[in-house]
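Atoms considered below: every heavy atom in the structure, side chains included; atoms not considered: hydrogens, waters and symmetry mates. The first residue in the sequence is number 1, and the count goes up from there.
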Amino acid sequence: MTKTVALIVAAGRGHRFGGELPKQYSKFADKTVLRHTLEAFIRHTDIDSIQVVIHPDDMNLYSEACYGLKLHKPVFGGATRQQSVVNGLEALNEDNPDHVLIHDAARPFIDADLITRIIASLKEGSHGILPALSVVDTLKQVSDGVVQKTVSRENLWRAQTPQGFQYQQILSAHKRCEQNIEGQNLTDDVSVAEYAGLKVRIIEGSEKNMKITTQDDLTQAKMSSKYLIQAETRTGLGYDVHKFCEGKEVILCGVAIPHNQALLGHSDADVAMHALTDALLGAIGEGDIGTHFPPTDPQWKGASSDVFLRHAATLVMEKSATIINVDVTIICEKPKIVPHREKMEKSIAEILSIDPGRVNIKATTTEKLGFTGRCEGIASQAVTSIRF
Ligand code: MG
C-alpha cells in the first residue's frame with residue numbers, strides 16, 4: 001500500500017489580495033478558502049493524511065477555520081514559499097510517505113478527479129507530476145506600456161497545483177535548493193525539482209482549479225459557488241427510546257448528567273445521540289444506526305455513542321455534503337436538561353465538526369403522561385438538514 005500525504009501551503013501573506021485578512025482565511029459559501037481546500041483532500045480516499053503549513057501569526061485564524069478537521073498539527077512557514085515547503089516536508093519525516101502532493105491553499109476548487117489522476121501518474125514512477133494547462137491567449141512582450149513583440153505560445157504551459165512527487169526525492173531537492181540558491185524566489189515546487197534535475201511530467205490540469213489571488217477572484221469564487229447555495233437540501237428524522245435502570249447518571253449528547261437512575265442499552269444508551277445519528281443517516285439515505293452498528297455485535301457493548309455519530313458525520317462528508325443544522329428534542333420528566341444544554345451543544349458541534357450555532361438541543365416533558373411521564377425512560381427526537 002502506498003502512502004500519500006497532502007501538504008497544503010497556507011503561510012502566504014497574499015500582497016496582491018490586499019486587506020488585513022490573508023486570502024486563505026477569507027470566506028465564500030460559508031467557509032474559508034482554506035477549509036474548502038482541506039475538505040477536498042479529506043474527502044479523497046487515496047489521501048492518507050494532511051499537513052498544513054501556516055504563518056506564525058495565523059494560529060487563531062487557522063484554529064477557527066479548521067475546527068474539528070482531522071489534520072496533522074500545523075507547522076510554521078519560513079520567510080519564503082520554498083522555506084515553508086521545506087518545513088512542511090520535514091514535519092512529514094516520521095510519517096515517511098511514498099508520495100506527497102504539494103498544494104496551494106488558495107486553490108479551493110481542486111477536484112477529486114485531478115487528485116486521482118496525479119496519484120495514478122505518480123504510481124507509474126515519474127519523479128514528479130505537474131497539472132498544467134496550455135496557453136490559449138496570444139502573448140505580448142510589453143515595455144513601458146508599449147507592445148514590443150508577440151511571443152510564441154508554443155510549448156508554454158500554465159502550472160497549477162497540486163504538484164505530486166516521490167516524497168524522499170522532493171525533500172532532498174528542497175534541501176539542496178535551500179543550501180545553494182537561498183534568496184531566489186521559487187514560486188512552485190516543480191522549479192525546485194527542475195533545479196535538482198528531477199524528471200517532471202505534465203498532465204492536463206483543470207480550468208475549474210483556479211487560484212484565488214485578487215479580490216476579483218474571490219468574487220468570482222462566490223459566484224461560482226452559487227450552485228452550492230442552490231444545491232439540494234435533504235432532511236433526516238431520528239427517534240429513539242431507552243428505559244431507565246439502576247445507576248447514578250445518564251449520558252445525553254455525550255454529557256454525563258448525575259441522576260438516581262441510568263439508561264439501559266447495549267452501548268452507553270445515549271438516547272439523544274442515537275436519535276441524531278439516525279437523523280443524519282436518514283438524510284443521506286444510509287439506513288439506520290442498527291445497520292451500521294448491529295446491537296448483536298459484542299464490540300459495541302458499552303461503546304461511547306460518539307463513535308456512531310462520528311461515523312455518520314464521516315459518511316456525510318464522503319458524499320461531499322454539508323450539515324446545515326441539527327435540532328434535538330429530549331423528552332423526559334427528569335433529569336433537568338436545561339443546565340446541561342450548552343455543554344451538549346458544544347459536544348455535538350465538536351463531533352460533527354460544525355459551528356455550535358448550528359446545533360440546537362431542547363427538552364420537554366409529556367405532562368406526566370405515558371412512559372416518559374411515569375419516568376420509565378427517556379425518548380428523543382432529532383431532525384437535520386443537509387446540503388448536497
Ligand atoms: Mg438507542
Q) Is the shortest side-chain N to carboxylate O distance from R81 to D189 below 4.0 Å? A) yes
Q: State plainly whether the residues R35 and E64 are in salt-bridge range, i.e. N to O under 4.0 Å.
A: no
Q. Just how far is it from atom NE2 of H127 to atom CD1 of I129, taken to the nearest 0.5 Å?
A. 10.5 Å
Q: Give a yes-or-no answer on whether the side chains of D306 and S304 include a donor-acceptor pair shorter than 3.5 Å.
A: yes
Q | pair P131-I118: side-chain heavy atoms closer than 4.5 Å | A | yes
Q. Would you say K31 has more than 12 foreign heavy atoms packed within less than 6.0 Å of its NZ?
A. yes
Q. Ring centres of F109 and H36 under 6.0 Å apart?
A. no
Q. Which atom names give the shortest non-hydrogen contact between G287 and L281, and what distance separates them?
A. O-CB, 3.6 Å
Q.
I'd like to know whether CD of Q148 has more than 12 heavy-atom contacts from other residues, nucleotides or ligands below 6.0 angstrom.
A. yes
Q | Contact summary for V53 and G88, nearest pair of heavy atoms | A | CG2-CA, 3.7 Å
Q: State whether the side chain of R358 and the backbone N or O of I324 hold a donor-acceptor pair below 3.5 Å, judged by distance alone.
A: yes
Q: Taking S84 for its side chain and A11 for its backbone only, find out whether a donor-acceptor pair lies under 3.5 Å.
A: no
(Q) Determine whether a donor-acceptor pair (N or O, by modelled atom type, separation under 3.5 Å) exists between the side chain of D98 and the backbone of K3. (A) yes
Q | Minimum side-chain heavy-atom gap L34-C66 below 4.5 Å | A | yes
(Q) Rounded to the nearest 0.5 Å, what separates atom CG in L263 from atom CD1 in I378? (A) 4.5 Å
Q: Verify, without hydrogens or angle tests, whether S206 (side chain) and K208 (backbone) share a donor-acceptor contact under 3.5 angstrom.
A: yes
Q) Hey, are K343 and E345 close enough for a salt bridge, meaning a charged N less than 4.0 Å from a carboxylate O? A) no
Q) Under 4.5 Å between side-chain heavy atoms, hopping through other hydrophobics if needed: is there a path connecting F41 to V100? A) no
Q.
Looking at A349, is its backbone amide N or carbonyl O close enough to the side chain of S353 to form a donor-acceptor pair, meaning the two atoms are under 3.5 Å apart?
A. no
Q) Do E286 and K319 meet the salt-bridge criterion of a basic N to acidic O distance under 4.0 Å? A) yes
Q | Straight-line distance of H44 NE2 to D111 CG, nearest 0.5 Å | A | 9.0 Å
Q: For the residue pair T150 and L139, establish whether any side-chain heavy-atom pair is separated by less than 4.5 Å.
A: no
Q: Verify the neighbour count for atom CZ of R201: are there more than 12 heavy atoms of other residues, nucleotides or ligands below 6.0 Å?
A: no
(Q) Could you check whether any side-chain N or O of N325 sits under 3.5 Å from a backbone N or O of T384, counting only pairs where one atom can act as donor and the other as acceptor? (A) no
Q.
Given 3.5 Å as the limit, does a donor-acceptor pair link the side chain of E249 with the main chain of G247, or not?
A. no
Q.
Under a 3.5 Å threshold, yes or no: a donor from one side chain and an acceptor from the other, between Q160 and D104?
A. no
Q | Spatial distance of atom CG (D188) from atom CG (L130) [nearest 0.5 Å] | A | 7.0 Å
Q) Under 4.5 Å between side-chain heavy atoms, hopping through other hydrophobics if needed: is there a path connecting F165 to I8? A) no
Q.
Using side-chain hydrogen bond (donor to acceptor under 3.5 Å, both in side chains), reason through T37 and H103 one step at a time and then give a plain yes or no.
A. CA-CA 9 Å; T37 302; H103 186 66; 5.0 Å; no
Q) What pairs of residues pass the side-chain hydrogen bond (donor to acceptor under 3.5 Å, both in side chains) test when at least one of them lies in residues 263-273, not counting sequence neighbours? A) S267-H274, D268-S305
Q. Is there a path of hydrophobic side-chain contacts, each under 4.5 Å between heavy atoms of I, L, V, M, F, W or Y residues, that connects I354 with I351?
A. yes
Q) Quick one: does D288's side chain have a donor or acceptor within less than 3.5 Å of a partner on T291's backbone? A) yes
Q: Would you confirm whether Y62, through its side chain, and P56, through its main-chain N or O, come within 3.5 Å as a donor-acceptor pair?
A: no
(Q) Quick check on the hydrophobic clustering: are I102 and W157 connected, directly or via other members, by side-chain heavy-atom contacts under 4.5 Å? (A) yes
**Q.** Residues R158, E207; criterion salt bridge (charged side-chain N to carboxylate O under 4.0 Å, His left out); working and verdict
**A.** CA-CA 11 Å; R158 293 177 285 147; E207 285 291 354; 3.1 Å; yes
Q: Determine the minimum heavy-atom distance between V200 and A193, stating which atoms define it.
A: CG2-CB, 3.8 Å
Q) Between K23 and D217, does at least one N-O distance fall below 4.0 Å, as a salt bridge requires? A) no
Q. Rounded to the nearest 0.5 Å, how far does CD1 of I47 lie from CG of L38?
A. 11.5 Å
Q | N60 CG: over 12 foreign heavy atoms closer than 6.0 Å | A | no
Q) Salt bridge or not for E350 and R310, using N-O below 4.0 Å? A) yes
Q) Heavy-atom distance under 4.5 Å between the side chains of V5 and L101, does that happen here? A) no
Q: Please determine if D327 and K362 form a salt bridge, counting it only when a charged side-chain N lies under 4.0 Å from a carboxylate O.
A: yes
**Q.** Sub-6.0 Å ring centroid separation between H292 and F308
**A.** no
Q.
Looking at D46 and K123, is any side-chain nitrogen of the basic one under 4.0 Å from a carboxylate oxygen of the acidic one?
A. no
Q.
Holding to ring pair (Phe, Tyr, Trp, His ring centres under 6.0 Å), I want the full list of residues that pass it with H72, two or more places apart in sequence or in another chain.
A. none
(Q) I need the minimum non-hydrogen distance between T32 and Y25, along with the two atoms involved. (A) CG2-O, 3.6 Å
Q: Please report the closest heavy-atom contact between S385 and T235, naming both atoms and the distance.
A: OG-OG1, 4.0 Å
(Q) Is there a side-chain contact between I386 and T233 in this structure, where contact means two heavy atoms from C-beta onward sitting under 4.5 Å apart? (A) no
Q. Shortest non-hydrogen contact from C177 to Q82?
A. CB-NE2, 3.5 Å
Q: Calculate, to the nearest 0.5 Å, the distance between atoms CG and CD belonging to N87 and Q51 respectively.
A: 10.0 Å
(Q) For H340, run the side chain to side chain contact (heavy atoms under 4.5 Å, CB included) check against E342, M344, K336 and tell me which one passes. (A) M344
Q. Take atom NZ in K140; do more than 12 heavy atoms of anything else shown fall under 6.0 Å from it?
A. yes
Q | Pairing of E333 and R374 as salt bridge, 4.0 angstrom limit | A | no
**Q.** side chain to side chain contact (heavy atoms under 4.5 Å, CB included) against Q261, all qualifying residues, sequence neighbours excluded
**A.** F244, H259
Q | Partner set under side chain to side chain contact (heavy atoms under 4.5 Å, CB included) for Q166, not counting sequence neighbours | A | H99, L122, Q169
Q) Among all residues two or more places apart in sequence or in another chain, which pass the side chain to side chain contact (heavy atoms under 4.5 Å, CB included) test with D297? A) P294, Q299, W300
Q.
Donor-acceptor pair, distance only, cut-off 3.5 Å: does the side chain of R176 make one with the backbone of Y195?
A. no
(Q) When you group the ILVMFWY residues by side-chain heavy-atom contacts below 4.5 Å and let the links chain together, are V271 and L237 in the same group? (A) no
Q) Partners of A379 by side chain to side chain contact (heavy atoms under 4.5 Å, CB included), sequence neighbours excluded? A) Y239, V241, I331, F371, T372
